[in-house]
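To keep things clear, I will list the structure first and then write my remarks on it.
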Protein chains: 2
Amino acid sequence: MGTTQLETVPEPKYWHLKTVLSEALDQDFAVGEILPNERELAARFGVARATLRQALEQLELEGRLQRRRGVGTTVAPPRVGVAVGSSGQGWPGESVDGWELVDADGAEAALPSAAVLKLLGGAAVADQPVHTVRRTRVSHGQAVAAELLYVPAASVPGLSAIDGPAGAARGRAVLRELQRLALEGQDRSVELGSARADDAKELDRLPGAPVLVVTTRYFTAAGTAAVSVATYRADTCRLTFGDSGDVEITHEARVAS
Amino acid sequence: MGTTQLETVPEPKYWHLKTVLSEALDQDFAVGEILPNERELAARFGVARATLRQALEQLELEGRLQRRRGVGTTVAPPRVGVAVGSSGQGWPGESVDGWELVDADGAEAALPSAAVLKLLGGAAVADQPVHTVRRTRVSHGQAVAAELLYVPAASVPGLSAIDGPAGAARGRAVLRELQRLALEGQDRSVELGSARADDAKELDRLPGAPVLVVTTRYFTAAGTAAVSVATYRADTCRLTFGDSGDVEITHEARVAS
DNA sequence: GAGTGGTCTAGACCACAAC
DNA sequence: TTGTGGTCTAGACCACTCC
């Protein structure tokens, strides 16, 4: 009788489920532990599998869970802090480490898309080839980011776009040439995106997985010398800017007041 | 006979749908235009509504669409660039503008949660009250971020935690006192999250909506003087770091090579 | 009240990993 | 072969906005 909620706010089931699961993860599960499968969890909570999945999706988005087809759902470790451009600037791969060239297609010189041209600004002419270097960033033994680095041929005149080394060797050459230039500044932006098929493969995720897209423009006195578009796994990464990237910030930091 | 795809890769329907819709958005729709409703779109493409919704969700995540219950689905404008900490540092609200105190609960002095304590580090003692200031950031007439700023009472000794002004007035007082301190540095991280109920309300989104969580720590010689946790709408915002935040970067920048 | 997107169900089949 | 998560269906009802 009586003191039950008067104003019953119909909180969605999946939202409530997410809360319950989240607490269970904190209390009853260790990192890496495998959860019961979706069909059983759904039955245990008395909901349809689709509803259960809606809750799991949220938790995965928040980096609490990791789901792998054919394997199962495991408790994810805390997100790793990945340093993205300390205040001390530098050419790609200089100050920040962990980047590896993708040997497969290393680098090619091709005509850029209209969108990349726009990013490169006036420095690149539409008809000019642009070196495209593909790299992967590895942290804690896991691929965390896939990058496409666009360098107009005009930025690295010491390197022939037609002759010269091919594949990964060309990629290395482009990076080496870049670092001979005087970097005047850079420009960075971060936004949410979903992984393209190629990036997803590189990151060991399904296409459409949420990613943080970091777009960086590198300036010299001559203008925009290079543009990098790096896609980071949003589920496992926390991008850090500034001096310390090693500080622990768990999801709990957001359960505040 | 013949040249039809030999290796038929069963691309998911929703993925293909997303591509088709994305192209249609580029060609046949203007920003702000309203799409046919989900039931009709699903029928038109010959899929179940749930499948159609999966495609729409992706497009919304990428900032291409905006969906509002009871209204409809509209074509979203390009994401707005929001400056987050230019290299030139500063106390909250100093260099970057657009922040407004939330008058409702302005600021209160309470004991912080364990997670916030961890962020504040050694500077705050567990038993000490922490001023909690709630702010909202408005850009282009729209709320783009909700922030909780935590300032240990010890950081602003000129302000009594118990007496003194209340509500929004206290918030302003806390900010004013902060700016009298010598800022030695800061520390920033960005990660993906989902909107808590209170933040969602502030941002005019549903709970669970994707947000970019920007955590900033402000250092003085005495240690961590304040911590800010700001949640930005991931669908409408592109966070910019550095000097220029006004550059147009459309989604096309990622359709490359 | 009419129309929208949001939630939920109870099934089915598929792709993938591991045994 | 078995068991997992991923995709898809065809419905139903709810919450909200607008007229």
Side-chain angles (χ1 to χ4, degrees), chain A residues 7-19 21 32-61 64-76 194-195 197 200-201 204-210 235, chain B residues 7-19 21 32-61 64-76 194-195 197 200-201 204-210 235:
Chain A
E7 188 96 9
T8 215
V9 180
E11 190 181 45
K13 274 190 188 176
Y14 78 90
W15 186 260
H16 180 246
L17 239 186
K18 179 195 142 185
T19 309
L21 283 170
E33 198 169 341
I34 193 164
L35 266 61
N37 71 54
E38 297 183 348
R39 289 160 179 88
E40 179 177 339
L41 277 179
R44 188 178 301 185
F45 287 106
V47 299
R49 190 176 155 222
T51 305
L52 185 269
R53 277 179 62 81
Q54 213 171 341
L56 293 184
E57 257 152 44
Q58 285 253 354
L59 290 169
E60 194 180 26
L61 202 77
R64 307 286 315 278
L65 291 178
Q66 192 154 352
R67 297 193 288 174
R68 272 172 303 172
R69 165 154 52 177
V71 180
T73 302
T74 56
V75 180
S194 50
K201 194 178 170 191
D204 191 30
R205 298 261 66 196
L206 290 177
D235 54 344
Chain B
E7 188 96 9
T8 213
V9 181
E11 188 182 46
K13 273 190 189 175
Y14 78 90
W15 186 261
H16 179 245
L17 238 185
K18 179 195 141 184
T19 309
L21 283 170
E33 196 169 341
I34 193 165
L35 265 62
N37 71 54
E38 298 185 346
R39 289 161 180 87
E40 180 176 338
L41 277 179
R44 187 177 304 184
F45 287 104
V47 298
R49 190 175 157 222
T51 304
L52 184 270
R53 278 180 61 81
Q54 213 171 340
L56 293 184
E57 257 151 44
Q58 284 252 356
L59 290 170
E60 192 179 26
L61 201 77
R64 308 286 315 280
L65 291 179
Q66 194 154 352
R67 299 193 286 174
R68 272 172 303 171
R69 165 151 55 178
V71 180
T73 301
T74 56
V75 180
S194 50
K201 193 177 170 192
D204 190 29
R205 299 260 62 197
L206 291 178
D235 55 344

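Quantities reported herein were computed from a predicted structural model and do not represent experimental measurements. First the proteins, then the strands, lettered A, B, ... as listed; each starts at 1.
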- Other residues, nucleotides, ligands: >12 heavy atoms within 6.0 Å of A/Asp204 CG: no
Find the distance [X]:[atom1] to [N]:[atom2] and express it as a whole number of Å.
X        : N      : atom1 : atom2 : answer
A/Leu35  : D/dG3  : CG    : C1'   : 16 Å
A/Glu57  : D/dT7  : CD    : P     : 9 Å
B/Leu41  : C/dG3  : CG    : P     : 17 Å
A/Arg67  : C/dC16 : CZ    : C1'   : 15 Å
B/Leu206 : C/dG5  : CG    : C1'   : 9 Å

- State which residue, out of B/Thr73, B/Leu65, B/Val75, fulfils the side-chain contact (heavy atoms from CB on, under 4.5 Å) condition with B/Leu59. B/Leu65
- Residue pair B/Leu17 / B/Phe45: nearest heavy atoms and the distance that separates them: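 Nearest heavy atoms, B/Leu17 then B/Phe45: CD2-CG, 3.6 Å.
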- Message: Between B/Gln54 and B/Pro12, is there a side-chain heavy-atom distance shorter than 4.5 Å?
- Response: no
- Compare all side-chain heavy atoms of A/Leu206 with those of A/Arg69 and state whether any distance is below 4.5 angstrom. yes
Measure the [atom1]-[atom2] distance between [X] and [Y] for me, rounded to the nearest 0.5 Å.
X       : Y       : atom1 : atom2 : result
A/Arg53 : A/Leu41 : CZ    : CG    : 12.0 Å
A/Gln58 : A/Trp15 : CD    : CH2   : 5.5 Å
B/Leu56 : B/Gln66 : CG    : CD    : 13.5 Å

- Query: NA contact type, A/Leu56, heavy-atom cut-off 4.0 Å: base, sugar-phosphate, or nothing?
  - Reply: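 Here A/Leu56 touches no strand at all.
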- Query: Taking only residues two or more places apart in sequence, or in another chain, which ones meet B/Arg49 in a salt bridge (charged side-chain N to carboxylate O under 4.0 Å, His left out)?
  - Reply: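 Salt bridge (charged side-chain N to carboxylate O under 4.0 Å, His left out) list for B/Arg49, sorted by chain: B/Glu38.
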Under 4.0 Å from OP1 or OP2 of [N]: is there any side-chain N or O of [X] that close?
X       : N      : value
B/Asn37 : C/dT4  : yes
A/Arg68 : C/dC16 : no
A/Thr73 : D/dT4  : no
A/Arg53 : D/dG6  : yes

Every protein N/O lying under 3.5 Å from an N/O of nucleotides 8-13 of chain C:
residue, atom, partner, partner atom, Å
C/dC8, OP1, A/Lys13, N, 2.2
C/dC8, OP2, A/Tyr14, N, 3.2
C/dT9, OP1, A/Lys13, NZ, 3.0
C/dT9, OP2, A/Ala48, N, 2.8
C/dT9, OP2, A/Thr51, OG1, 2.4

Measure all distances between protein nitrogen or oxygen atoms and nitrogen or oxygen atoms of nucleotides 16-19 of chain D, and list the pairs falling under 3.5 Å.
none

